[in-house]
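For reference, the structure discussed in these notes is given below.
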Protein chains: 2
Amino acid sequence: MKDGPDIALLGALIGNPARANMLTALMSGKALTASELAAEAGVTLQTASTHLAKLEHGGLVRQRKQGRHRYFALADDDVGGLLEGMMGLAVRKGHLRARTGPRDPALRKARVCYNHLAGELGVRLFDSLRRRGFLADDDGALALTAAGADFVRDFGLDPDALRDPRRALCRPCLDWSARRSHLAGALGTALLDRIYDLGWARRQEGTRVVDFTRRGEAAFNAAFPAD
Amino acid sequence: MKDGPDIALLGALIGNPARANMLTALMSGKALTASELAAEAGVTLQTASTHLAKLEHGGLVRQRKQGRHRYFALADDDVGGLLEGMMGLAVRKGHLRARTGPRDPALRKARVCYNHLAGELGVRLFDSLRRRGFLADDDGALALTAAGADFVRDFGLDPDALRDPRRALCRPCLDWSARRSHLAGALGTALLDRIYDLGWARRQEGTRVVDFTRRGEAAFNAAFPAD
DNA sequence: TTCATAGTTCGATCATAATCGAACCATCGA
DNA sequence: TCGATGGTTCGATTATGATCGAACTATGAA
């Protein structure tokens, strides 16, 4: 009979392999249907449905009905951040799945972290923005500077349109492979979307890998120089 | 048959109520014996022993034999950080234990986060150090500046002695109650120890609460002004 | 030695929750 | 209206793991 936050509930939700598989799949940022998640987790649709109900009840997942489909997604950035954090600890403690395939280096280089860019390139982007003074600490939180807003505009985005009282504009997110922060929040999401729109990269189907084209990577390096 | 980090193992370890209680107890930063942890979790010594073996095997806990006692502690700062992160999400999602007692406000004000100061005062300390330029971003990581080293020396600590290649000197840690970062790492630990030594505060037995004396809090406010 | 305390290991029991077949509900297309 | 597809709910089965008594090991004290 203690008080305080109960981490056992969260742990139990994530601790089931089928649910962990679903959550990992949702880290791709794409909303998936119950059937897709069932296939991803290797269970039938019935069991997937009960798992999803539990995840939703626990606040880890939210669903959006669309016709006769139900699309499931992570509830918010916080959930993505926690999962990324757990992945980081799992890697450091050696808790890896059986087969570490050829995708692994690609994952370390560039992948989506729920809805923003992670991996080496994600970290580079974040560092580059900070070093050039586009992001600054504002009383403990991360803020976009005036110069940063100009940069974002030049990049083809409207910084004012990104502001949303319910969501942080810029938020650091700890990267599991690099052990460094990359950029989350509305700006992180928008920058990744813009990178897709510019044709610099696209998602590898069914994985978290972000494939940059040769020209796209060169353009990325020019836009976000390492130093 | 996927690759990548397996968060289910971690989740399952944390997802058991008895183990979650033990881990929460160890967030106090004190090393505890198996018997103490058994009492804390409300199970017999036998079951506690099996739980602790699992936690150790999973890399969340390490043990140190001392005579016929075995002292258990969290394996490292990373584990503490993850648990703090889970507590934060648990609070935001409303996963609280039954009774939220009178200790709660005290916990929000000042508590230990494994081995460093968290809560409002922890956040204030961190912000104060950063605003005065004592901590700065060094290529994505947090570094102690020259001015910061002077400050630390004035505070009665030897900054050079704190450097340890195996451990970060300064690391941000997300605070569950304030949703802002406070200071972890070797410096965070040392500062809290120094605060104890100075007699400004002491640990409330059996809880994570850090009790500041009236004079201690005044001295803390003077040393780490809010602005 | 001998006894006491701290902790582990084993084995049996028990509770929980994951699983899936089957039936049911909802939406879409024709 | 009717079938087809996507999803949920129900019930029975099953597997996993938490639990503790009992026996055992290890350290310390007398």
Side-chain angles (χ1 to χ4, degrees), chain A residues 1-2 6-26 30-73 95 97-98, chain B residues 1-2 6-26 30-73 95 97-98:
Chain A
M1 282 307 164
K2 303 278 171 81
D6 193 350
I7 59 178
L9 288 171
L10 278 181
L13 278 176
I14 302 169
N16 174 276
R19 286 193 293 260
N21 281 336
M22 294 180 179
L23 291 170
T24 304
L26 291 175
K30 245 179 67 174
L32 298 172
T33 65
S35 310
E36 290 170 320
L37 288 167
E40 197 73 35
V43 294
T44 61
L45 181 56
Q46 302 96 290
T47 60
S49 180
T50 65
H51 283 312
L52 288 167
K54 289 181 186 184
L55 288 174
E56 190 179 14
H57 187 75
L60 297 188
V61 147
R62 75 188 143 72
Q63 74 169 282
R64 180 168 43 89
K65 292 184 205 184
Q66 186 165 317
R68 58 184 158 178
H69 291 277
R70 298 201 172 185
Y71 284 93
F72 290 86
H95 300 314
R97 297 248 176 85
Chain B
M1 281 304 168
K2 303 280 171 77
D6 192 351
I7 59 178
L9 289 171
L10 279 181
L13 278 176
I14 302 170
N16 174 276
R19 286 194 293 261
N21 281 337
M22 293 180 178
L23 291 170
T24 303
L26 290 175
K30 246 178 66 173
L32 299 171
T33 65
S35 310
E36 290 170 321
L37 288 166
E40 198 72 37
V43 294
T44 62
L45 181 56
Q46 302 98 290
T47 60
S49 179
T50 65
H51 283 312
L52 287 167
K54 289 181 186 183
L55 288 174
E56 190 179 14
H57 187 75
L60 297 188
V61 147
R62 74 189 143 72
Q63 73 168 287
R64 179 168 44 89
K65 293 184 207 188
Q66 187 165 314
R68 59 181 156 180
H69 292 277
R70 302 205 168 178
Y71 284 92
F72 290 86
H95 300 313
R97 298 246 176 86

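Everything numeric in this text was worked out from a predicted model, so none of it was measured.
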OP1 or OP2 of D/dA26 less than 4.0 angstrom from a side-chain nitrogen or oxygen of B/H69, does that happen here? no
Test: side chain to side chain donor-acceptor pair (under 3.5 Å). Region: residues 50-61 of chain B. Which pairs qualify, not counting sequence neighbours? B/R19-B/H51, B/E56-B/Q63
Using a 4.0 Å cut-off to any heavy atom of chain A, which nucleotides of DNA chain C are the first and last in contact, reading 5' to 3'? C/dA18 to C/dC28
Given atom CG of A/N16 and atom P of D/dT16, what is their separation to the nearest angstrom? 13 Å
Rounded to whole Å, OH of A/Y71 lies from P of D/dG7 at a distance of 8 Å
Using whole Å, what does the distance between atom C1' of nucleotide D/dT8 and atom NE2 of A/H57 come to? 17 Å
Inter-residue atom distance A/I14.CD1 - B/L10.CG, 0.5 Å rounding: 9.5 Å
Expressed in angstrom and rounded to an integer, what is the separation of A/L52 atom CG from D/dT9 atom C1'? 14 Å
Separation of D/dT5 P from A/L45 CG (nearest whole Å): 14 Å
Does any part of the side chain of A/V61, heavy atoms only, come nearer than 4.5 Å to the side chain of A/L23, both counted from C-beta? yes
B/R70 side-chain N/O to D/dA26 phosphate OP1/OP2 under 4.0 Å: no
Take B/G42 and A/A48, find for each the nucleotide of DNA chain D with the closest heavy atom, and name the residue whose nucleotide sits nearer the 5' end. A/A48
List the steps and the verdict of side chain to side chain donor-acceptor pair (under 3.5 Å) for B/T33 and B/E36. CA-CA 5 Å; B/T33 65; B/E36 290 170 321; 3.3 Å; yes
Within this structure, what is the CD1-to-C1' distance between B/I14 and D/dG17, rounded to whole angstrom? 17 Å
Please step through side-chain contact (heavy atoms from CB on, under 4.5 Å) for the pair A/V43 and A/N21, ending with a clear verdict. CA-CA 10 Å; A/V43 294; A/N21 281 336; over 6 Å; no
Here the distance between atom P of D/dT8 and atom CD of A/Q46, to the nearest Å, is 11 Å
B/F72 side chain reached by B/L37 side chain, heavy atoms, under 4.5 Å: yes
